[in-house]
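Data block below; observations after.
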2 protein chains.
Amino acid sequence: MTKARAGRVLTLDGDPIAEHGKRSVREGLLQRFIHRIVSGELAEGSTLPNEAELTAQFDVSRTSLREAMQYISALGMVRSRTRAGTTVLPRENWNYLDPLVLDAMLTLCADEDFYASLIDARQLLEPAAAAQAAAKATARQLYQISKAFEDMVEANSRDNEAWSRADLEFHTAIIDASGNWVYRQFATAIRAALLASFRLTNRASQSHEQAIMKHQDVLDAIRMRRPEAAKHAMEQLIGVARSEINEALRKSRTAAS
Amino acid sequence: MTKARAGRVLTLDGDPIAEHGKRSVREGLLQRFIHRIVSGELAEGSTLPNEAELTAQFDVSRTSLREAMQYISALGMVRSRTRAGTTVLPRENWNYLDPLVLDAMLTLCADEDFYASLIDARQLLEPAAAAQAAAKATARQLYQISKAFEDMVEANSRDNEAWSRADLEFHTAIIDASGNWVYRQFATAIRAALLASFRLTNRASQSHEQAIMKHQDVLDAIRMRRPEAAKHAMEQLIGVARSEINEALRKSRTAAS
DNA sequence: ATCAAAAAATAAATCCTATTTATATTGACA
DNA sequence: TGTCAATATAAATAGGATTTATTTTTTGAT
């Protein structure tokens, strides 16, 4: 089982502040709770034990427990009502785009369909975002995209972690440059998809060259203000990502059997 | 100023439980807080007053305040750190898809760009969702789409509220039938867009007929399992929605000047 | 026996006080 | 001037007491 967080170089939660190895009571509680819900240990529709039992079970104070509940209720995972208790809401209410939830999904129950949805969404959204970026990116936004690309080139096959970080930044910067707030909401999902692909695939050094060329195409089209070209180039790029993920999944499947 | 919630027939928060006219301390506090942040009264990057002052300002207990903070921090709007205080995070971290946040945006600062992003996203996503729905909707999902359509026909121009509700359900059901969890995350945003258009436009009774025909096209294509046709029909449908919104915005603009 | 109104019981919601912990700031010292 | 330790501050955590909203049960009338 792949423990996903603590001490990782790249994590999902997008906070700019460096990770502190330590975890507060609240953080741990949140993660444990979300994991139990996502894993189904606390089933949808079921009612949680009351406060007293939960404080005992998790060995935390009522305050911490209640605050964790508030947080989780903001994610659409539980709802508390007086007298009726706290119940786990059905999945369709969950906010999967939240880093904590997404992380739990990826480590606990990311099946083929899950990745397929993610890559389908990318294939739809990112080309559109690239086109919009080509149409109306500001100078600053263009710079950020360019910068990310240069960082990728710089890292190349030497520094895998820097490569990943720059790749992530490249895609994020394009979505940001689209100027569409709805698209921006997907940044976390796309980051998750990329992180997953980094986890799954062991990029052969030769494919770095190919990847760089495809990224270059996207960047050039955006810089030349050619929306259609940008869209097309991004479609190509995501197409590669899709086949990489598929191959990785196929491998891990055969390895498992 | 349009007070958006309490007692509305159609609201954004998707809870299936009927609205109770009353509002708990927590609900009120949440809304007040979110409004202050969205409106900019509590500016991005600024540090909130400490707990003592806030409890006085909002006239609630520390417990309620802290729980509200937890909730809001789950929405990516604030971050608390010991000693440093609680700061308002930059907008790019906010979860705009949360009903409370979206509602605040719509009532406080929904400009043309905001609606443009929303409609662009719909134009991108819903056709794709319709295509997927045509490809793989289950019998149950097909039924839900059909049911929503029939409700629209039934309501027609007689019952405006029922029409709106059915329209909402139609689009939601299609997204749901796409089977893509990423698309499903958009449901709230699309509901918001529709609600906004209901608010903005006073549909002439003749256009109901046209709307029904276009919805019929989408439904038929999905039923006949023709993804491309479904996609095209949905593109047409959203195209109409786009021009309606644009016209309504143009009117309200000229009315304002 | 049936149904409705009143009472009890339960679990969350709210309020409060005390203590601990993390960290920004300050000041002493090299 | 820069480093390190002391200090102060604000959040984090703990837990007791009370209130409120509901469900369930009981009671009472028909």
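These values consider heavy atoms only, across backbone and side chains, with no hydrogens, waters or symmetry-generated copies. All chains are named by letter (A, B, ...) in the order of the sequence lines, taking the proteins before the strands, and each is independently numbered beginning at 1.
Using a 4.0 Å cut-off, some side-chain N or O of A:Ser61 falls inside it from OP1 or OP2 of D:dA14. Contact between the side-chain N/O atoms of A:Thr55 and the OP1/OP2 oxygens of D:dG15 is not found at any separation under 4.0 Å. Between B:Arg66 and the phosphate of D:dA12, there is a side-chain N or O to OP1/OP2 separation shorter than 4.0 Å.
Here the closest heavy-atom approach between residue A:Ala193 and residue A:Arg122 is recorded as CB-CD, 3.8 Å.
Remark: P of D:dA17 and CD of A:Glu51 are 15 Å apart, rounded to the nearest angstrom. One atom, CD of B:Glu27, and another, C1' of C:dA13, lie 12 Å apart when rounded to the nearest Å. One interatomic measurement links the two molecules: CE of A:Met69 to P of C:dA12, which rounds to 8 Å at whole-angstrom precision. Taking atom CG on A:Leu54 and atom P on D:dG15, their separation rounds to 15 Å, with Å as the unit. Rounding to whole angstrom units, CG of residue A:Leu65 and P of C:dA13 are separated by 11 Å. Distance B:Arg62 CZ to D:dA12 C1': 9 Å, rounded to the nearest Å. Distance, B:Asp59 CG to C:dT14 P: 13 Å, rounded to whole Å. For the pair A:Asn50 CG and C:dA11 P, the computed distance is 5 Å after rounding to whole Å.
Nearest-nucleotide mapping onto DNA chain C: of A:Pro49 and B:Thr63, the residue sitting toward the 5' end is A:Pro49. Judged by closest nucleotide on DNA chain D, B:Thr86 is the one of B:Thr86 and A:Ser64 placed further toward the 5' end.
Ion pairing of A:Glu51 with A:Arg66 is present here, as a side-chain N (NZ or NE/NH1/NH2) and a carboxylate O approach within less than 4.0 Å. Salt-bridge formation is detected for the pair B:Arg91/B:Glu44: a Lys NZ or Arg NE/NH1/NH2 atom is positioned less than 4.0 Å from an Asp or Glu carboxylate oxygen.
Donor-acceptor pairing under 3.5 Å, judged by distance alone, is present between the side chain of B:Arg83 and the base of D:dA8.
Using a 4.5 Å heavy-atom threshold, the side chains of B:Glu67 and B:Leu29 count as separate. In this structure, B:Leu106 and B:Tyr115 have side chains that are in contact, with non-hydrogen atoms separated by less than 4.5 Å.
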